Undergrad: 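Before I ask anything, let me first share the structure, which is written out below as structure tokens.
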Amino acid sequence: MTTRSTSRPAARSGSRPTSDDGRAAGVDRAAGVASESALVTPLLSWFAAEARSLPWRASGTSPWAVLVSEVMLQQTPVNRVEPAYRAWLDRWPDPASLAGDSAGEAVRMWGKLGYPGRALRLHACAVAITDVHAGVVPSDLDALLALPGVGAYTARAVQAFAYHRRSAVVDTNIRRVLARAVHGSGQAGPPSTTRDLTAMESVLPASDDRAWRFCAAIMELGAVVCAAAKPSCDRCPLAPQCAWRAAGYPTYDGPVARGQRFAGTDRQVRGRLMDVLRAASGPVRQEALDVVWPDVMQRQRAQDSLVADGLVDPLPDGRFALPT
DNA sequence: AACGCGTGGGT
DNA sequence: TACCCAAGCGT
């Protein structure tokens, strides 16, 4: 744990995060500098003691490995990502090695993580990083955002977790924790990148070191303590500061997001088609795809969309394969 | 802004 | 059973 670069005399105990005086965020009138949010120190202490030891958190994890983990974690649970992450990096330890293989191999290796388009984009990332960035994952925000499949969350996650830079990471966990602890609402409202970044920025510590750890810590809290359905407030390090708790845990009264169905959708059909292609060692015939879904029109629509997405290659001989 | 995009475990 | 959910992105 490094120290902050303020002029304030350091009052430290061991390697613990700086012990602040617990006042709410605001402006220190005497010094004229912004004070730190009261959430920070308890959260950093809790994270230092309680963080799960996930493979992408090991010291020495490369920026490329962090990027791989972040893309895999886009909408896929941690426990399913872990083995896939190890296998992927075992095979492609750097962008150049992945770029030297085919996109189809990336899709096959992706297996059943879901949303196979991510595999395609991660492969395209490897190509871009190899060709445009000399094999080095960029740390510049705009350069990261220009990479395929890298959006507002992933770009900042790479800055924070790969390069240990101060960056306002916002994911669904962080949105929920801020909604509760800061705004006293049971759940976050509809996502808005601008609003969400502003909210996170207002509690983000000033130094690179405390900032990136804070991002990791608040995300971890949302994942394991401040859970969406059943928060474990009895073991929450932010309970004393939590606005939601202080307000008596009011129930959410905002608009309810409409959950998306899955059974019977094109997505399900696409999943079955991709399953056939992943399992096959080479190109497959149309008949092998026909059997996955009885509705011919819907099956054809799903197949066409996979071709349009670049996930399936129609061959001149009429067969179909993963992309080259 | 709202929707399409996989998968499998939990309730 | 039929939902809900899990470190988003692209359009």
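The shown structure was predicted, so the numbers you read here are calculated from the model rather than taken from an experiment. Per chain, numbering begins at 1; letters A, B, ... match sequence-line order.
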Undergrad: Provide, to the nearest angstrom, the distance between the CG atom belonging to L145(A) and the P atom belonging to dT11(C).
TA: 14 Å
Undergrad: Remaining members of V107(A)'s ILVMFWY cluster at a side-chain heavy-atom cut-off under 4.5 Å?
TA: L120(A), V269(A), L273(A), M274(A), V276(A), L277(A), V284(A), L289(A), V291(A), V292(A), W293(A), L306(A), V307(A), L311(A), V312(A), F320(A), L322(A)
Undergrad: Looking at every strand, decide which applies to P148(A) at a 4.0 Å heavy-atom threshold: base, sugar-phosphate, or nothing.
TA: sugar-phosphate
Undergrad: Could you give the CZ-to-P distance, from F214(A) to dA7(C), as a whole number of Å?
TA: 17 Å
Undergrad: Could I get the full list of side-chain contact (heavy atoms from CB on, under 4.5 Å) partners for R80(A), not counting sequence neighbours?
TA: T76(A), P77(A)
Undergrad: Grab the CG-C1' distance between L144(A) and dA7(C) for me, whole Å please.
TA: 16 Å
Undergrad: Sorted by first residue and then second, give each ring-ring contact (aromatic ring centres under 6.0 Å, His included) pair with at least one member in residues 85-122 of chain A; sequence neighbours left out.
TA: W56(A)-Y85(A), W88(A)-W92(A), W88(A)-W110(A)
Undergrad: Would you classify A229(A) as touching base, sugar-phosphate or nothing, given that sugar-phosphate means primed atoms plus P, OP1 and OP2, and contacts are heavy atoms under 4.0 Å?
TA: nothing
Undergrad: May I ask you to say what S69(A) touches in the nucleic acid, namely base, sugar-phosphate or nothing, with a heavy-atom cut-off under 4.0 Å?
TA: nothing
Undergrad: Could you list the residues that satisfy side-chain contact (heavy atoms from CB on, under 4.5 Å) with R57(A), not counting sequence neighbours?
TA: F47(A), A51(A), R52(A), L54(A), E220(A)
Undergrad: Would you jot down, in residue-number order, the residues of residues 218-226 of chain A having a non-hydrogen atom under 4.0 Å from DNA chain C?
TA: M219(A), A223(A)
Undergrad: Enumerate the residues from residues 280-303 of chain A whose closest heavy atom to DNA chain C is under 4.0 Å, giving them by residue number; use none for an empty result.
TA: none
Undergrad: Restricting both atoms to N or O, compile the protein contacts to nucleotides 7-10 of chain B shorter than 3.5 Å, with distance only.
TA:
residue	atom	partner	partner atom	Å
dT7(B)	OP1	R278(A)	NH2	3.0
dT7(B)	O2	R80(A)	NH1	2.8
dT7(B)	O2	R80(A)	NH2	3.2

Undergrad: Distance-only criterion, 3.5 Å: show the donor-acceptor pairs between side-chain atoms of residues 140-147 of chain A and protein atoms not counting sequence neighbours.
TA:
residue	atom	partner	partner atom	Å
D140(A)	OD2	D142(A)	N	3.2
D140(A)	OD2	A143(A)	N	3.0

Undergrad: Contact class for A263(A) (heavy atom, under 4.0 Å): base, sugar-phosphate, or nothing?
TA: nothing
Undergrad: Are R210(A) and T41(A) close enough that a side-chain donor and a side-chain acceptor fall under 3.5 Å?
TA: yes
Undergrad: Looking at every strand, decide which applies to T154(A) at a 4.0 Å heavy-atom threshold: base, sugar-phosphate, or nothing.
TA: sugar-phosphate
Undergrad: Going by atom types only, do S97(A) and D94(A) share a side-chain donor-acceptor pair under 3.5 Å?
TA: yes
Undergrad: So V78(A), base contact, sugar-phosphate only, or nothing? Heavy-atom distance under 4.0 Å.
TA: base
Undergrad: For G149(A), is there any backbone N or O sitting under 3.5 Å from a side-chain donor or acceptor partner on Q74(A)?
TA: yes
Undergrad: Would you mind telling me which of dG10(C), dG8(C), dA7(C) lies closest to the side-chain atoms of R121(A)?
TA: dG10(C)
Undergrad: Please report, rounded to the nearest Å, how far the P atom of dA1(B) is from the CG atom of D196(A).
TA: 11 Å
Undergrad: If you find the nucleotide of DNA chain C closest to A227(A) and the one closest to G149(A), which residue's nucleotide is nearer the 5' end?
TA: A227(A)
Undergrad: Taking only residues at least two apart or on different chains, which pairs with a member in residues 151-210 of chain A satisfy ring-ring contact (aromatic ring centres under 6.0 Å, His included)?
TA: H164(A)-W212(A)
Undergrad: Starting from the 5' end of DNA chain C, give me the residue, W56(A) or L147(A), whose nearest nucleotide shows up first.
TA: W56(A)
Undergrad: Report the hydrophobic cluster partners of Y249(A), with the cluster defined as I, L, V, M, F, W, Y residues connected by side-chain heavy atoms closer than 4.5 angstrom, directly or transitively.
TA: W244(A)
Undergrad: Using a cut-off of 4.0 Å on non-hydrogen atoms, how would the nucleic acid contact of L311(A) be classed: base, sugar-phosphate, or nothing?
TA: nothing
Undergrad: Residues two or more places apart in sequence or in another chain: which of them pass side-chain contact (heavy atoms from CB on, under 4.5 Å) with A321(A)?
TA: P283(A), L315(A)
Undergrad: Taking the nucleotide of DNA chain B with the closest heavy atom to each, which residue, S192(A) or K230(A), is nearer the 5' end?
TA: S192(A)
Undergrad: Holding to side-chain contact (heavy atoms from CB on, under 4.5 Å), I want the full list of residues that pass it with T198(A), two or more places apart in sequence or in another chain.
TA: none
